[in-house]
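Report on one structure; see the data block that follows.
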Amino acid sequence: MDQARTTDAAQRGAEQSELLRYNPGEIEPRWQALWDAQPDVYAAEPHTCGKPKFYCLEMLPYPSGQLHMGHVRNYAIGDALARFMRMRGYNVLHPMGWDAFGLPAENAAIKNNTPPREWTLKNMAKMKAQMRRIGYSYDWAGTEVTTCLPEYYRWNQWFFLKMVERGLAYRKSSKVNWCPQCATVLANEQVVAGCCWRHEDQIVEQRELEQWFLRITRYADELLDGLANMAGWPEKVRTMQRNWIGRSEGAEVEFAVEAASSAPEESAGITVFTTRIDTIFGATSIQLAPQHALVREWAKTDSALFGAVDAMIAQQKAARETGDIGNIEKHGVATGRVAINPFTGGKLPIWVANYILADYGTGAIMSVPAHDERDFEFASRYGLPIKRVVAARGEEDAPLPYSGEDASLLDSGDWTGESCAAAQEKMALFAQKHGFGKKSTTYRLKDWGISRQRYWGTPIPMVYCERGHDGLSPGGVVPLPESALPVLLPEQVEITQQGGSPLGKVAEFLHTRCPVCGGPARRETDTMDTFVDSSWYFYRYTDAKNALQPFDSQTANYWFPIDQYIGGVEHAILHLIYSRFWTKVMRDMGLIRNSEPAERLFTQGMVIKDGAKMSKSKGNVVSPDEMIARYGADATRMYALFAAPPDRDLEWQEEGVAGISRFLARVYRLVSRYKVSAGEANGKPAAESELEQRLLRTLHQTIAKITEDFQARWHFNTCIAAIMILVNEITGEEMALDRGEVSSATLAELLRNLILLLTPFAPFLAAELWQQMGCSGQVFSQAWPVADAELARESEIELPVQVNGKLANVIKLPAHADEATIKAASLADERVIARLVDKTIVKHLVIDKSSGKLVNLVVK
RNA sequence: GCCCGGAUGGUGAAAUCGGCAGACACAGCGGACUUAAAAUCCGCAGACCUUAAUCGGUCGUGGGGGUUCAAGUCCCCCUCCGGGCACCA
């Protein structure tokens, strides 16, 4: 029988292999051309359509010119979801665009002598063609946003002016990362281990420059507190943002400085920031950052101090530049001055130390060696006293330093015996009441410096009035009126790596008139950080062609918040914090109602090859084009979903793509072979025979599994495995199908639903087979199949029987068997009986859970 | 140092609630078909012991302990890998 069957199948395979060969290279471009010819094929419907809305968003790419596997995976996930939601009856917005400003375009310009705009637009066209070839269901015609075009970046300028008005954009002098080889400022994310991302041996310098900043710190508390309610975001991302914002609640305390003999009139105090005011009775010195104003003052008349301070600043700088600031060896020098502890009246020596940061807190600390590891290390080195003032109950002699807070105070005056938490509160209030301190909160988050000395970015719409005219703010800095927008980025610009911002060398751009007094003025020649572009692009998608506003509020309010945002975890901090900030600003401007941009965020894993992230330098890059040429787009994207769950890293193995391609070929042959008999179907599918019952049962179990998974776990790998099981089961019965043992209506039901289940994963093949089956309409517009629980139900169960927790046998029973039947059956089994010889049954457990039944016999 | 992830066959992985470990694939092996190959189809496949072969048995989810009738899953300790933060007062 098996022999006959094998032979038969082999012959059938041979005879049909030519005729029914799956040829994605022919099928896919044919359907692509058809869809490309219908610009609105994936367009969202009007808000009045009555369907629930679903905004499915994937992070927009930088147009490097080549789609990489990370993109393919990211977009395959989003596209599967978008297609599923459409079939589930949602009005789906699924847009795509280009994060088109940025340094690579300038580097390419220098290298190839191609204008950045030309290079960028060419790359976009190339990548768009790649995306269309893969069959992603984007509404290109309705939504495509290109951030380097004035239709978009004019609104960056508009928002900037609004922020100037609201006091959210300001100019100040600040330290920036500077790469001498690139001759430009680098964004923080472009500094890798203290070096330039493009020149790995080039240490990034700190330069002092006048910069534009956005006051993101005004929203620090809201950005932090909001994280608590963002259940749809991964905990990991929320934690990273919490760390990044770095809120520390504590107190500021003012220490008076005792007049020194050399300067009897001196009176300035030192304000320290501390989160542990409860330990103040244990303070044994004051430590100042080397850049502290008082230190600078004292060093003027103290050359020894001056030299020491200079050395410490150099050490800090070096450590910061090599990324070793955390490991700097602690050094300090006593100033000979003395501060007064306002709580105890005690005298504390004032030191300058290289481990104190000038730009955090107040640049000054009270040193409590007994309860802070760093202070302990420092005090031990320099022989400063160490005084215990906090201990957990019964641990008064535990070794120091002890930095726990689940403890109470010792030797702390009126506060002795208080818990740390209570003392922190009470002592801060006490300090406030007596005028030498207050509660205070500091943040790690700094205001967002957006100035870039680059050409290929959004011009900042400000001018500097040369007459010293004072428009709104001091120094002749004048915002342009809205009517002057957009400030166009000039086209013919010589891009070099010398002499500051390239725009400064374009005379017709640089020289302008002051909008207030009409006098000669100079334009701002820096451009905006590209993270500005990506902070609000997803609002523009909802109304991409609006020439009068960034977007229509009503439209945005219909679509927002984004229901699902999908992208790489590498954007967890910068892009995703800036986007949240921008959303809050727009809300406060009255443009939108939502406070957060995205309800749910999904971060997919990286694509790995040979154990490492794909990169040119490692030479392990797999080109999507090559995969598509060899196996087709359906196989390539389906493999990206099959090889691992989407949140995990994925090891790219070409053999796996080939495997998926073989699977799709089997589906193709199956449908091609039975489409005629299925096509003749009339009447309802019926589970008449046992075989029909079995096939329909698997079908409905598969439908249920995939439907559920799309709404919860997104384990598309097991969804695809379930489809494979269904296909294996049907093809395993081809002999029976050939003998007509399954009604054509049931066959049609099986094949049609199989195609529908494949649609989110392999849209080309699904479209082709849907048509071959003679079904009408676009397959992706069909309703998603609904699982019939009745048909999915098993008639028979496989009951594992354990003896002392070890499997003895698996016995078959009718699904409806009651507990008595199960017990009897489990005791009647030979293999079980064999294990019960000379034993006494202590317990006879029958476990009945939704996941299945199980028997365990506990014997002695 | 602190905070998140992760570790399961030769490989990618599955096991959603504590209930049959290894579904589904890849690679491999054997067979059918073929002059041959490709393609296709059928089958085998965690390790070890036992056996002529079956049957059967033991062990097995990074390591060690624990809870439980039952642990990949829960608890405690540890190792290694990946990521984030880091003299942040």
Side-chain angles (χ1 to χ4, degrees), chain A residues 2-3 5-18 21 234-240 242-244 246 248 250 272-276 287 319 325-328 330 353-357 359-368 372-375 377-378 442-444 569-570 572-573 606 639 642-645 647-660 662-663 665-666 669 708-709 712-713 715 717-718 720-725 728 731 734 798-802 804-810 834 842-845 847 849-859:
Chain A
D2 264 3
Q3 187 79 357
R5 182 181 158 163
T6 304
T7 309
D8 180 77
Q11 275 171 355
R12 194 167 60 213
E15 126 210 342
Q16 290 182 351
S17 63
E18 280 313 303
R21 193 191 290 284
E235 190 51 48
K236 178 180 178 157
V237 172
R238 292 194 279 164
T239 304
M240 284 166 73
R242 258 184 223 116
N243 288 342
W244 187 262
S248 280
V272 307
F273 173 74
T274 178
T275 54
R276 295 299 304 275
Q287 303 288 343
I325 189 85
N327 303 323
I328 193 169
K330 290 180 184 56
N354 65 350
Y355 73 98
I356 308 302
L357 305 173
D359 56 0
Y360 185 79
T362 58
I365 64 153
M366 61 178 201
S367 176
V368 185
D372 182 285
E373 282 183 34
R374 296 152 299 178
D375 294 345
E377 188 188 332
F378 189 87
T442 61
Y443 300 88
R444 211 191 77 101
V569 74
E570 65 271 19
I573 309 246
M606 285 188 302
Y639 173 74
F642 177 69
D647 54 339
R648 244 201 263 185
D649 285 352
L650 180 155
E651 169 80 28
W652 194 268
Q653 290 178 328
E654 187 167 338
E655 299 81 12
V657 191
I660 295 288
R662 281 198 292 272
F663 167 71
R666 283 173 58 216
R669 278 195 301 274
E708 219 168 276
D709 232 304
R713 291 201 316 165
H715 279 200
N717 52 333
T718 57
I720 293 167
I723 297 175
M724 287 173 172
I725 292 170
N728 289 348
T731 53
E734 288 202 4
E798 295 198 326
L799 179 77
V801 182
Q802 300 178 333
N804 280 346
K806 280 186 184 169
L807 186 68
N809 205 356
V810 179
V842 182
K843 269 191 206 170
H844 194 167
L845 290 157
I847 313 300
K849 294 192 179 171
S850 59
S851 52
K853 290 180 179 156
L854 176 141
V855 170
N856 193 12
L857 286 151
V858 185
V859 301

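The sequence lines fix the lettering, A, B, ..., with proteins before strands; numbering per chain opens at 1. Since we're looking at a predicted model, the values are computed, not measured.
Here the CG atom belonging to A:Leu799 is positioned 7.0 Å from the CG atom belonging to A:Leu854, to the nearest 0.5 angstrom. Here A:Ile660 contributes atom CD1 and A:Met724 contributes atom CE; the two are 4.0 Å apart, rounded to the nearest 0.5 Å.
Of the residues near RNA chain B, A:Lys853 and A:Gly361, the one whose nearest nucleotide (by heavy atom distance) lies more toward the 5' end is A:Lys853.
For the strand RNA chain B, secondary-structure stems (runs of at least three Watson-Crick or G-U pairs, all distances below 3.5 Å) span B:1-7 with B:79-85, B:10-12 with B:24-26, B:28-32 with B:40-44, B:46-49 with B:56-59, B:62-66 with B:74-78.
Heavy atoms of A:Asn728 sit under 4.0 angstrom from primed sugar atoms or phosphate atoms, though from no base atom. A:Ile725 comes within contact range of the sugar-phosphate backbone alone, with a heavy-atom separation under 4.0 Å but no base atom that close. Using a 4.0 Å heavy-atom criterion, one finds that A:Asp649 contacts the sugar-phosphate atoms exclusively. Nucleic acid contact class of A:Gln802 (heavy atoms, under 4.0 Å, all strands): base. Counting any heavy atom pair closer than 4.0 Å across all strands shown, A:Gly246 reaches no nucleic acid atom. Within the 4.0 angstrom heavy-atom criterion, no nucleotide atom of any strand lies near A:Arg242.
One C1' atom belongs to B:U73, the other to B:A7, and the distance between them is 14 Å to the nearest Å. B:U11 and B:A45 are spaced 14 Å apart, taking the C1' atom of each and rounding to whole Å. B:A15 sits 23 Å from B:A27 when the P atoms are compared, rounded to a whole Å.
A:Tyr355 carries A:Lys330 over the face of its six-membered ring, with the cationic atom under 6.0 Å from the centre and within 45° of the normal.
Put simply, A:Lys843 has a side-chain N or O that comes within less than 4.0 Å of OP1 or OP2 on B:C69.
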